[in-house]
Amino acid sequence: MVPAYLDIGIQSRMNRIINPKDNRVVMLAIDHPYFQGPTTGLRNMSKTIKTLLPYCDCLMTTRGAVRSNIAPEDVGSKPIMLRVTGGNSVLNEELSDEKITVTIQEAIRMDAAGVAISVYIGSANQQQTILNLTDMINQAEECGIPVLAVTAVGKNMARDLRYLALASRICQDAGARIIKTYYCEEFSRVVDSVSPTAVVVAGGKYSSPPDALQMAYHSVQAGAAGVDFGRNIFQDDNPIGMIKAISSIVHGNHTVKEALDIYNACLPGASRLD
Ligand code: R5P
């Protein structure tokens with residue numbers, strides 16, 4: 001059914017990010033250097049992007065990475081979810097001290113499909129990061145650009161249902177169109193707490209192919225729109241196999257075993273990213 005009034009700019013960009021045929025997305029997160037500098041798998045960012053771009057639906061990255069590392073012929077081939085907060089580094093004890101680092105005009109100029117903001121609920125900078133989110137939503141919505149809120153989890157916070165549902169719901173109420181959060185037990189309750197807002201799941205530290213695929217499987221079974229994995233893809237020995245396997249779960253409703261078969265079929269000749 002066509003609603004009486006469609007926000008065409010927002011809907012157009014949402015359709016570029018989340019496939020409207022199945023309402024699912026495989027987003028590739030490669031924004032890590034914005035606070036952790038050289039990162040295994042992203043040291044040669046151009047190679048990582050060239051290798052994995054064909055297999056993701058959307059690239060979550062930073063202004064510098066887009067400018068410096070996407071080959072001219074690949075520009076525009078996949079939508080960009082542009083990270084627009086930063087200001088911290090792994091050298092700081094408190095990671096939550098982030099501000100908006102990219103203007104909405106710059107996001108428009110770069111043809112971003114969406115912009116991403118980290119919010120640190122319960123941290124010393126909770127209010128500042130929520131206001132980063134609301135300020136950017138006020139500007140981005142005027143321009144038809146959806147905002148993705150990342151529920152970043154500080155060192156003292158538990159990645160459990162209570163915390164993630166709280167953080168996700170605050171982001172939804174601020175007006176985020178997509179929420180990126182972590183997987184937890186009873187994850188469907190996190191998804192339900194922000195329904196109908198789309199939820200994508202962050203992968204976290206590198207684990208193993210079976211564990212990462214299990215997480216992707218349980219996430220979409222619980223109602224997530226997909227994943228926004230980074231290290232479990234670009235730090236794997238078989239990064240192409242991994243992203244293909246994840247895509248088969250997200251878009252093909254494959255089981256973990258079927259996805260592992262896809263992973264293993266890509267193993268011969270696979271090589272690590274730098
Ligand atoms: C963290 O703030 C960044 O947004 C990362 O992109 C995010 O943690 C997802 O990457 P990974 O799957 O490596 O955790």
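Remember, it's 1-based here, ligands and their atoms both numbered in the order they're listed.
By the criterion of a heavy-atom distance under 4.0 Å, neither the backbone nor the side chain of Lys205 is placed next to ligand 1. Under 4.0 Å from ligand 1, the heavy atoms of Tyr182 that appear belong solely to its side chain.
Among Gln235, Arg83, His32, the residue whose heavy atom lies nearest to atom 2 (O) of ligand 1 is Arg83. Around atom 4 (O) of ligand 1, the closest heavy atom drawn from Asn232, Leu95, Asp31, Ile30 belongs to Asp31.
Taking 4.0 Å as the cut-off between side-chain N and carboxylate O, Arg13 and Asp7 do not count as a salt-bridged pair. Ion pair Arg162/Glu186 not flagged as a salt bridge, since none of the NZ, NE, NH1 or NH2 atoms sits closer than 4.0 Å to an Asp/Glu carboxylate oxygen. Salt-bridge check for Asp237 with Arg272: passed, with a basic side-chain N closer than 4.0 Å to an acidic carboxylate O. The pair Lys50-Asp74 meets the salt-bridge criterion, with a side-chain N (NZ, NE, NH1 or NH2) lying under 4.0 Å from an Asp/Glu carboxylate O.
Below 4.0 Å from some heavy atom of Met60 lie the following atoms of ligand 1, by number and element: 4 (O). Ligand-side atoms of ligand 1 in range of Phe229: 12 (O), range being under 4.0 angstrom from any heavy atom. Residue-ligand proximity, Arg231 to ligand 1, at heavy-atom distances under 4.0 Å covers atoms 11 (P), 12 (O), 13 (O), 14 (O). Close contacts of ligand 1 with Ala29, meaning ligand atoms under 4.0 Å from a residue heavy atom, involve 6 (O), 9 (C), 10 (O).
Scored by the side chain to side chain contact (heavy atoms under 4.5 Å, CB included) test, Ser68 finds no partners at all (sequence neighbours excluded).
A cation-pi geometry, defined here as NZ or CZ lying under 6.0 Å from the six-membered ring centre and within 45° of its normal, does not hold between Arg231 and Tyr206.
In terms of polar-atom proximity, Val150 is not counted as a contact of ligand 1, lacking any N or O under 3.5 Å from an N or O of the ligand.
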Arg159 vs Thr181, side chain to side chain donor-acceptor pair (under 3.5 Å): CA-CA, chis, key distance, verdict: CA-CA 9 Å; Arg159 291 184 189 185; Thr181 192; over 6 Å; no
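Look at Asp228 and you'll find a heavy atom under 4.0 Å from some atom of ligand 1. Residue contacts with ligand 1: Gly204 is included, with a non-hydrogen atom under 4.0 Å away.
When hydrogens are left out, the protein atom nearest atom 12 (O) of ligand 1 is Gly230 N, 2.8 Å; that is the closest non-hydrogen contact. Closest to atom 7 (C) of ligand 1 among all protein heavy atoms lies Lys180 NZ, 3.1 Å.
The neighbour count for Glu142 CD, taken as heavy atoms of other residues, nucleotides or ligands under 6.0 Å away, does not exceed 12.
Residues Glu185 and Leu161 fail the side-chain proximity criterion, which asks for heavy atoms closer than 4.5 Å.
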